[in-house]
Protein chains: 2
Amino acid sequence: MSRKRNAHRSPDMPTLADVARLAGVSEITASRVVRAQGPIADATRTRVLNAIAELGYIPNRAAGSLASAGSTLMSVLLPSLSNIVFPDVLRGIHTALTQTAFQPVIGVTDYDPLVEERILVSFLAWQPAAIILAGLHHTPTARRHLEHGRFRVAELMDIDGDPVDIAVGMSHRQAGYDTGRHLIQRGYRRFGYAGHSVVFDDRATARYEGLCTSLREAGLSLVAEHRHPGPSSTMAGRDSLEILLATEPGLDVVVFPNDDMAMGGIFHCMHVGITVKQQLGIFGFNGLDIGQAMSMPLSTILSKRFLIGKTAAEKLLESRERPEEKTIINTGYEIIEGATA
Amino acid sequence: MSRKRNAHRSPDMPTLADVARLAGVSEITASRVVRAQGPIADATRTRVLNAIAELGYIPNRAAGSLASAGSTLMSVLLPSLSNIVFPDVLRGIHTALTQTAFQPVIGVTDYDPLVEERILVSFLAWQPAAIILAGLHHTPTARRHLEHGRFRVAELMDIDGDPVDIAVGMSHRQAGYDTGRHLIQRGYRRFGYAGHSVVFDDRATARYEGLCTSLREAGLSLVAEHRHPGPSSTMAGRDSLEILLATEPGLDVVVFPNDDMAMGGIFHCMHVGITVKQQLGIFGFNGLDIGQAMSMPLSTILSKRFLIGKTAAEKLLESRERPEEKTIINTGYEIIEGATA
DNA sequence: GCGTTTTATGGTAGCGCTGTCATTATTCTT
DNA sequence: AAGAATAATGACAGCGCTACCATAAAACGC
């Protein structure tokens, strides 16, 4: 019989046809039970469910996806997993998807738009229901694919720009600006900035620019800045502050692109005996748990990473069709006064 | 013509047939070019590649997966993403997969074997080439699925047990034991333990047991222990140490299940003026960057999370067939002396 | 009571791709 | 130079499922 092709399959992996036969219904009815779709008599449903349990049937999603020209996959493209920000976003996404049929498929771009484009294309091959990426900045090819596809798109983290479909995040430029205003108001005047390689993280750059703008408006400017070559880390923050202070000892506050580096800055101060806040203010970004667990909690800005991921995933599930109107959701942020600046 | 079913598809999404027609070859030949499989004349390959570029063809992996009864997906089931350990593992997996056709699909189980089982089944529906999970402990149903499937399986983190196929990790029991030996040798006698809810993380429990064993062998035992209800965090570590010292002020060393909590312990000491190491030793687990960036680096054990993920993914790719022999890879660990114990 | 709607089920024809086998042109042996 | 191996391509039949339409039975309306 027509089992000749089955040689390459697992021994007797049951199919929907097997389930249907055992339950004494047609394939399509069994299919409807599996998908909980369309009207099914209770008795029928029970028979099919029993057959499924008895055979240990597992639906073949590749076949389903092919037949229905769609899947329950949600592609998630993140710049990095080292930066705790993105695991937090991912948790939010996961939380929103937990009770649904959707599954996240993740890819990591290393902050490289070309890598993002490559991974995007390989994800499109699975006909995902939705795509989540970070930022509003993509290659022209990637943007074209995003615009023309039959799937929802959410661009996370930043909202300063023109999204393809949905943007969820906050204004990083504004956050940087507010950082400057906040610190100026608290009396700081001689600003330093200890960042990391600019090829990483557009958002950090936007905050930096916002900071500079606020300083300029107040008739100030950055007295000194140092950029650690390579990605951000606590050690990078510690080293950067040391270098910064060696070249410019008269700073009264240093802004870091994130809490990890700011923590490193605090460790440097502790090491060389600088009184944080009195002698030197330290300001971070993200509002990580660890910074708030210090007896002297870190002054920083709380970004709502989990909320961003969760909101985006929920919004994407609202409708399969892309609406006419683009959606921009501002999850905002909060300045945490803390005790370090 | 036979386009009636196409109504529900994207307007003119090109298929392999379109590519083949444009290139003037058969579908199979075009398919072979796409998959870089079988002998193809250079001229033919070029024509097909041009046609692909011209049409913007993206292969449909659902169709490919269905036809070949296999996919290039690698299912990854992790207990959590909050615990930095697992993003690290994921980075390792991702690194190993970057230059291959394989893509990771992740699921988060929240340390719940039943959730693990549920997600596992939904992943199996995509006919993954391999499955990665954490730990060697699964539900009977999950274990049965893992054993009978036509895919490779890697169980990560722990190696104290009987894997389905491949295990990559370290002995957590031994690590706990060595922690005890190390601290006893350094003169500590009055041990405290500040952990978290036991329903989380089998590995932490194994380390705890190893620690107790080493104490027992030395004629000692835990003088006091406290378990924070809920998951681990820096704040949990800080609070737990406070509670622990309130009930038992005479401790000379406290062991934490991980660096996050140990950092919290150090913050508590700083807050109340306890001299770490002289008055109270603090010992963690994981060897996180942030702990080593302090001027007084944390005494801990370096677990090789990235290496575990990378090694596992590489090993899985070595052969599609599950070999007769099970593989156990011990990635080991290193005691970091540090300055806190 | 007779049309009309609703509920429950089934037949058929693909979805887009690849495994299998077959075929022809080309190169290699001895 | 005859046979054997190799390279390059193609025809065809599904993979397992679901969209689409059709049908039959039950419930409803007035």
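Convention: sequence-line order gives letters A, B, ...; per-chain numbering from 1. The basis for the numbers below is simple: all heavy atoms, side chains too, and nothing from hydrogens, waters or symmetry mates.
One atom, CZ of B/Arg61, and another, C1' of C/dT18, lie 10 Å apart when rounded to the nearest Å. In this structure, the CG atom of A/Leu55 is 15 Å from the C1' atom of D/dG16, given to the nearest Å. Between the CG atom of B/Leu66 and the C1' atom of D/dC15 there is a distance of 4 Å, given to the nearest Å. In this structure, the CH2 atom of B/Trp126 is 16 Å from the P atom of D/dG16, given to the nearest Å. A straight line from CD of A/Gln127 to P of D/dC17 spans 17 Å, rounded to a whole angstrom. In this structure, B/Arg35 places its CZ atom 11 Å from P of C/dC17, rounding to the nearest Å. Rounded to whole angstrom, the span from the CE atom of A/Met13 across to the C1' atom of D/dC15 amounts to 13 Å. Separating the CG atom of A/Asn60 from the P atom of D/dT18 is a distance of 9 Å, rounded to the nearest angstrom.
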Discussion item. Within the 4.0 Å limit for protein heavy atoms, which parts of nucleotides 5-11 of chain D are touched? Write it as a string from 5' to 3', B for base, S for sugar-phosphate only, - for none.
Written reply: --SBBBB
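A donor-acceptor distance shorter than 3.5 angstrom exists from the side chain of A/Arg45 to the backbone of A/Ile40, with no hydrogens or angles considered. Of the possible polar contacts, one joining the A/Arg322 side chain to the A/Phe151 backbone as a donor-acceptor pair under 3.5 Å is found.
The nearest pair of heavy atoms linking A/Ala167 to A/Pro163 is CB-CB, 3.7 Å.
Using a cut-off of 4.0 Å between Lys/Arg side-chain N and Asp/Glu carboxylate O, A/Glu318 and A/Lys315 are scored as salt-bridged.
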Between the protein and nucleotides 24-28 of chain C, are there any N/O to N/O pairs under 3.5 Å, and if so, what are the atom names and distances?
none

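Which of D/dG16, C/dG19, C/dT18 sits closest to the side chain of B/Ser31 comes down to C/dT18.
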